[in-house]
Amino acid sequence: MGELNRLLSDTLWLIEKGARHEESRAAGGVDTTPAVVRLWTLRILVRLEGFRSYLGKVHYGDGGICELFGLPRAPAEDQRAFAVEVRRRLAEALVEHEALVPELPDPLRRNLAELAELAGLSEVQRCVLAFAILIHEHPPLAEAAWHIESLRGGGLARVLAVVLGATVGEMREALRSDGALIGSGLLQVDRRADRLRDKLDLMSTSLLHLATEQEAAVGKVLKGILHVPEPPCLRREDYAHLERECSMLVACLRHALTEGTRGVNVLLYGPPGTGKTQLSRVVARELGCAVHEVPVMDEDGDIVEGKRRLRTFAAAQALLGQGRGILVFDEADDTLADLVRGDVLEVHGGRRGKGWFIQAMENGPVPTVWICNEPRVFGSALLRRFSLILELPVPDRSVRETIIRRAVGEAVPERTVRALAASPAVSPAVAALAARSARMITAGSVGTDVADALVDVVNGYLKVIGAEEIRPDRRGDERYDLRYVNASHRLDALLDAVRASPSLRVCLYGPPGTGKTAFARELARRLGRPLVEARPAELLSKYLGETEKAIDALFEAAERDDAVLLLDEMDSFLSAREGARHRWEVTQVNVMLSALERYRGVLVATTNRFAALDPAVVRRFDLKVEFRFLRPDQAERLFRAMCRRFNLRIPRRELVERVRALQTLAIGDFAVLLRRHQVEPFTGPRAVADALVEEVRRKADAEGGPARPIGFVW
């Protein structure tokens, strides 16, 4: 069935091309088929005896061969005599054309001469490339080539030697996988194809410009296989946190361009969104040179497969030449990883392309910047070929704020910018694209705030990738009031101690809702530092080793941003190892202990189950502070303050005493009432007191069940 489909496809293509050929002749009145194409067609039909298959073809006469050489259209009754007559006419035509010794037509001859000089093609290789181009342009040649058989094994070299007038040895040399023609990627031999036109796989259809364009054809070929990027939207100042790395990169590429050093390859790696692609464009602008990128998608928007991208890289090295800018190979992860495994490239003769590719890297005249996220999968054999390897980590929070502020524009308030910068998953590119989407949304929707739309767009992205959503701080003048916290230590003194010590580990423990998490946030606010929050759901993974990686990344991010690190509900991943049922649970605690030991910033951990913590973990904390339920006087002050906030009358003494008697009343219970009042306003002090009693009763019914710690702001 597959062979039948291929046959039908080829037949339809030839009929269509033949129709164009007839239209062209009818319009011009003169046959425009180049003499060399006629010669090659005749060699296929006569010397390779393709005419025998042609005579038996169902659509004999289509495709232009009959008219091109004056062959009879309809077979005679005597089939044998008819075949002899066709053979005689073709043989006579071949003799005539051999005597002409035709050359390649202009402009193909001139364009190929320029291309051959750049790529270092031999005369035979130039001729093979010309044949591969012209077989796509002239239906009679393609029609004749369709009837060639025996292309497997060494048949291809033999057939091309006959058609192009070379020896079999010369042709085998021209088709070597490490030769200039195949090695440059301009032409590839498809071992799976059965027909000559399909077997000679051109790098790109842009090579057909060589046959038709009078001027700048090679430039059009380059334009067809490479992408010229937009100017960078970032500046060198945006990489101030990487000044040393940027200076090294610029110096390396400048030397390669001015001295013509071959085989200069630079690897930029780091998490997505750290500005690697933008940096390559920033550096090119600083060097004042052109930059070409190996495209990830073709002109139809389809993903370009890895072997095609590697061929493009080789072709660009051959065609760009020295001193004509830098080449960028973005999104190199999968392509190079597959190459290392031997899954990407097959060249003529069935040999894998790893050695070919390394040779292209080491001898390429164009400095190349390779960009990936994780280079370790490439292996040492490939990594040692890079002249320079630079890591681009996630920039610290202050840098992200500066870049994101410029990306989203002045219309977005500072609290939204701070929230965007607080998430390492929000790169400047993500923020800029989200800002554009937000502006489109608000332009078509009355009453929609651009900042709110921006947060919604970004959170949609963060949810998909599994990152924590951002929540801009909208508290304004609201504050955390230490008078309403019942702690075992004076919290104002604790704040002073943290200010005086650059490194401090504090454990806050106590029942849910007593203000532990809110105090950690207040601590970061008063210190003027960002807060990096970590909850169990964000760290714990079902995959082996992923939790350990997440823990390391968390501590690195907090230290890089000089942040206050909050480990919320830490008992979930730091429980006593004696009770562990799985080995990975012990490993998890050990990794966290090592991270705690190394950390040199301010760390605050919260837990509702202090007794469940591993003893070794408890010893790592400089200070342990218990957060308790409200004292009666605190409960009374909060009750009265809440009634005032709700514009209710002064509560009677009996209601005050009722609230004071609630022994397990917490700040979080009042926070619940604040939110409830927004949807169901309280009508009097008694309703408030009843609601507080109900909250305490629910906790008792749940027997201390899990509850999300809720801080209280006033």
Side-chain angles (χ1 to χ4, degrees), residues 104-121 125-126 128-130 132-137 180-188 200-233 253 256-257 265 277-278 280-285 287-332 335 360 364-371:
L104 295 176
D106 279 335
L108 180 60
R109 179 179 56 81
R110 288 184 289 102
N111 290 333
L112 273 181
E114 181 183 352
L115 186 74
E117 184 177 357
L118 288 171
L121 302 181
Q125 289 169 334
R126 188 188 314 185
V128 172
L129 185 56
I133 292 172
L134 292 175
I135 201 173
H136 286 79
E137 290 292 297
L181 180 59
I182 304 297
S184 67
L186 293 170
L187 187 72
Q188 204 75 14
L200 300 176
D201 180 21
L202 289 173
M203 167 77 249
S204 168
T205 55
S206 64
L207 282 168
L208 301 180
H209 288 302
L210 299 174
T212 57
E213 298 293 333
Q214 295 292 337
E215 297 179 358
V218 175
K220 291 188 177 181
V221 171
L222 283 170
K223 187 176 180 180
I225 65 175
L226 295 176
H227 170 64
V228 178
E230 296 291 331
C233 59
L253 294 177
L257 290 170
N265 295 274
T277 304
Q278 284 290 311
S280 67
R281 299 175 187 178
V282 167
V283 168
R285 181 171 60 186
L287 293 171
C289 68
V291 57
H292 298 85
E293 295 181 356
V294 176
V296 178
M297 293 188 297
D298 61 20
E299 56 188 12
D300 297 323
D302 297 324
I303 298 296
V304 181
E305 60 181 0
K307 65 180 181 180
R308 180 69 63 175
R309 298 191 73 206
L310 292 180
R311 285 181 61 186
T312 301
F313 162 74
Q317 289 289 346
L319 301 182
L320 283 175
Q322 292 181 344
R324 297 183 63 182
I326 64 173
L327 188 63
V328 175
F329 198 113
D330 206 350
E331 305 288 348
T335 299
V366 185
T368 304
V369 177
W370 302 81
I371 298 174

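Remember, it's a predicted structure, so these values are computed and weren't measured experimentally.
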>> Restricting to non-hydrogen atoms, name the atom on A211 and the atom on P107 that form the minimum distance, rounded to 0.1 Å.
In response: O-CD, 3.6 Å
>> If we count only N and O atoms by modelled type, under 3.5 Å, do the side chains of E293 and T277 hold a donor and an acceptor together?
In response: no
>> Out of the candidates I135, L208, L186, only one should pair with L202 under the side chain to side chain contact (heavy atoms under 4.5 Å, CB included) rule; please name it.
In response: L208
> In Å, rounded to the nearest 0.5 Å, how long is the span from CG of L210 to CG of L104?
Replying inline: 11.5 Å
>> Using a 6.0 Å cut-off, check whether atom CD of E305 has over 12 heavy atoms from anything other than its own residue.
In response: yes
> Any side-chain heavy-atom pair from L129 and L121 closer than 4.5 angstrom?
Replying inline: yes
> Between S280 and I326, what is the shortest heavy-atom contact and its length?
Replying inline: O-CD1, 4.1 Å
> What closest approach, in Å, do A180 and A119 show between heavy atoms, and which atom pair accounts for it?
Replying inline: CB-O, 3.6 Å
> Is there side-chain contact between R110 and Q214, with heavy atoms separated by less than 4.5 Å?
Replying inline: yes
>> What's the separation between atom CG in D106 and atom CG in N111, rounded to the nearest 0.5 Å?
In response: 8.5 Å
> Which atom pair, heavy atoms only, marks the closest approach of S204 to I225?
Replying inline: CB-CG2, 3.4 Å
> Are L327 and V291 close enough that some pair of their side-chain heavy atoms sits under 4.5 Å apart?
Replying inline: no
>> Is any side-chain heavy atom of V369 closer than 4.5 Å to one of D330?
In response: no
> Just wondering, do K307 and Q188 contact through their side chains at under 4.5 Å, heavy atoms?
Replying inline: no
>> Do the side chains of D201 and R311 get close enough for a salt bridge, i.e. N-O under 4.0 angstrom?
In response: yes
>> When you compare the side chain of Q317 with that of T368, does any pair of heavy atoms fall below 4.5 Å?
In response: yes
> Closest heavy-atom contact between C289 and G325?
Replying inline: CB-CA, 4.1 Å
>> Please verify the inter-ring angle class for F329 with W370; under 30° counts as parallel, over 60° as perpendicular, anything in between as tilted.
In response: parallel
>> Taking the side chain as everything from C-beta on, heavy atoms only, tell me whether E331 gets closer than 4.5 Å to I371.
In response: no
> Would you say the side-chain atoms of R309 pair up with the backbone N or O of V294, donor to acceptor, closer than 3.5 Å?
Replying inline: yes
> About how many Å separate CE of M203 and CG of L319, when rounded to the nearest 0.5 Å?
Replying inline: 9.5 Å
> Looking only at atom types and distance, does a side-chain atom of S206 sit under 3.5 Å from a main-chain N or O of V221, one as donor and one as acceptor?
Replying inline: yes
>> Just so I know, are the side chains of L222 and H292 near enough to count as touching, which here means a heavy-atom distance under 4.5 Å?
In response: no
> What distance do L207 atom CG and L187 atom CG have between them, rounded to the nearest 0.5 Å?
Replying inline: 9.0 Å
> What's the shortest heavy-atom distance between L226 and P295, and which atoms?
Replying inline: CA-CD, 4.1 Å
> Taking atom CG of L112 and atom CD1 of I133, what is their separation to the nearest 0.5 Å?
Replying inline: 5.0 Å
